[in-house]
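What follows is a short report on a single structure.
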Amino acid sequence: MKHLPKINVKNSGIIKLQFFNDFPDGNLIIGESGKSIPFAIKRFYYINKLFSGKSIRGKHAHKKTEQIIFCLNGSFSLHLDDGRKKQSVKMDNPNWGVRLGRMLWHYMDNFSRDCVILVVANDYYKESDYIRNYEDFIQRL
Ligand code: T46
């Protein structure tokens with residue numbers, strides 16, 4: 001698999017999916033809970049129509065929720081910060097995702113017009129699980 005980035009921040013990493021490209025009619029990419037996806041999926045959401053080009057999403061960390069973010073189409077930049085190390089990853093391949101583990105500040109920008117993002121999570125939405133202030137995030141580490 002080419003262009004597989006190395007992740008150096010804590011509570012993250014690359015999640016590789018099973019990939020079949022031997023069909024004449026397109027690709028098939030598979031994730032399974034407890035196998036490539038290291039938790040039981042309780043929720044998923046996708047983000048599309050990022051037309052403005054100047055959008056910034058994220059800018060928060062989660063206290064307990066674990067997620068994996070995928071770029072299903074197009075591309076975007078994912079910025080990760082564990083409080084000590086920072087890393088930016090170009091997301092442009094649906095065959096792999098990035099783990100957004102607990103206490104990992106992250107935001108996304110530089111979206112292509114055709115970008116479609118999928119996120120799978122191990123818990124339901126709870127606003128109380130979000131840390132949306134960076135100083136608060138640093139203090140809680
Ligand atoms: C994350 C990044 C990658 C819900 O009601 N339920 C949900 O499951 C989600 C994800 C959001 N919401 C509400 C909360 C806000 O009122 O939708 C609104 C927009 O959410 P937010 O500003 O957090 O969206 P993003 O794109 O900045 O962040 C999202 C996820 O919220 C977050 O967990 O890690 O994508």
Side-chain angles (χ1 to χ4, degrees), residues 1-23 25-141:
M1 205 180 278
K2 60 175 184 172
H3 302 312
L4 202 57
K6 266 205 165 151
I7 304 282
N8 300 312
V9 296
K10 275 205 304 190
N11 299 340
S12 187
I14 296 290
I15 302 291
K16 282 192 254 175
L17 298 181
Q18 196 182 356
F19 173 69
F20 291 95
N21 66 349
D22 53 350
F23 297 109
D25 298 321
N27 297 331
L28 179 66
I29 301 162
I30 302 150
E32 292 177 298
S33 278
K35 293 187 176 178
S36 50
I37 307 296
F39 51 72
I41 297 168
K42 278 197 179 169
R43 178 169 57 107
F44 66 88
Y45 53 92
Y46 33 86
I47 302 171
N48 64 355
K49 299 199 175 179
L50 291 147
F51 292 151
S52 104
K54 290 182 189 145
S55 305
I56 300 180
R57 303 202 64 112
K59 282 192 163 180
H60 52 241
H62 286 279
K63 294 175 193 165
K64 289 192 178 151
T65 302
E66 290 271 339
Q67 305 187 107
I68 301 172
I69 187 165
F70 297 96
C71 183
L72 298 192
N73 197 56
S75 63
F76 68 98
S77 299
L78 174 65
H79 306 278
L80 305 170
D81 177 351
D82 65 14
R84 289 187 64 222
K85 285 189 187 152
K86 294 183 187 189
Q87 184 173 359
S88 297
V89 181
K90 183 168 187 197
M91 303 288 295
D92 61 357
N93 189 326
N95 305 346
W96 51 264
V98 171
R99 180 178 159 229
L100 301 174
R102 56 180 296 281
M103 296 306 283
L104 182 64
W105 189 264
H106 58 275
Y107 69 94
M108 301 90 82
D109 63 8
N110 197 24
F111 303 101
S112 65
R113 285 181 65 85
D114 57 352
C115 179
V116 180
I117 297 172
L118 170 70
V119 181
V120 298
N122 73 342
D123 206 355
Y124 302 119
Y125 170 77
K126 287 181 199 123
E127 186 55 38
S128 60
D129 188 66
Y130 284 71
I131 304 169
R132 293 191 184 269
N133 177 281
Y134 188 75
E135 282 69 41
D136 191 14
F137 163 68
I138 294 294
Q139 278 185 359
R140 283 168 174 268
L141 289 172

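In listed order, ligands and their atoms are each counted from 1. Counting begins at 1 with the first residue of the sequence.
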Between Tyr130 and Tyr125, ring centroids under 6.0 Å |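 For Tyr130 and Tyr125, the ring centres are under 6.0 Å apart.
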Please work out which of the three classes, parallel, tilted or perpendicular, describes the rings of Tyr134 and Phe137, given edges at 30° and 60°.
->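 Ring orientation, 0 to 90° scale: tilted.
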Does NZ belonging to Lys49 count more than 12 external heavy atoms closer than 6.0 Å?
->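 Atom NZ in Lys49 is not packed in, count stays at 12 or less.
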Candidate with minimal heavy-atom separation from [atom], of [options]:
| atom | options | result |
| --- | --- | --- |
| atom 6 (N) of ligand 1 | Tyr130, Phe44, Tyr125, Tyr46 | Tyr125 |
| atom 30 (C) of ligand 1 | Tyr107, Tyr124, Tyr45 | Tyr45 |
| atom 10 (C) of ligand 1 | His106, His62, Arg43 | Arg43 |

Are any non-hydrogen protein atoms located under 4.0 Å from [atom]?
| atom | result |
| --- | --- |
| atom 2 (C) of ligand 1 | yes |
| atom 34 (O) of ligand 1 | yes |
| atom 8 (O) of ligand 1 | yes |

With backbone taken as N, CA, C and O and side chain as the heavy atoms from C-beta onward, which portion of His60 lies under 4.0 Å from ligand 1: side chain, backbone, both, or neither?
->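 Contact part for His60 vs ligand 1: side chain (C-beta onward).
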Return the minimal non-hydrogen interatomic distance between [X] and [Y], and the atom names on each side.
| X | Y | answer |
| --- | --- | --- |
| Ile29 | Pro94 | CG2-O, 3.8 Å |
| Asp92 | Ser75 | CB-CB, 3.8 Å |
| Phe39 | Ala121 | CE1-C, 3.6 Å |
| Leu80 | Ser12 | CD1-OG, 3.7 Å |

Heteroatom distance test (Arg57, ligand 1): nitrogen or oxygen, under 3.5 angstrom =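 N/O-N/O distance under 3.5 Å: yes.
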Could you say whether the N/O atoms of Met108 and ligand 1 ever approach to under 3.5 Å?
->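 No: no nitrogen or oxygen of Met108 is under 3.5 Å from one in ligand 1.
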What atoms in ligand 1 come closer than 4.0 Å to a heavy atom of Ile47?
->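 Counting from 1, the qualifying ligand atoms are 26 (O).
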Hey, which atoms in ligand 1 end up nearer than 4.0 Å to a heavy atom of Gly58?
->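 What qualifies from ligand 1 is 25 (P), 27 (O).
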ring-ring contact (aromatic ring centres under 6.0 Å, His included) evaluation trace for His79 with His106 = CA-CA 5 Å; His79 306 278; His106 58 275; over 10 Å; no
Report yes or no: does a heavy atom of Arg132 sit under 4.0 Å from some atom of ligand 1?
->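 For ligand 1, residue contact (heavy atoms, under 4.0 Å) with Arg132 is present.
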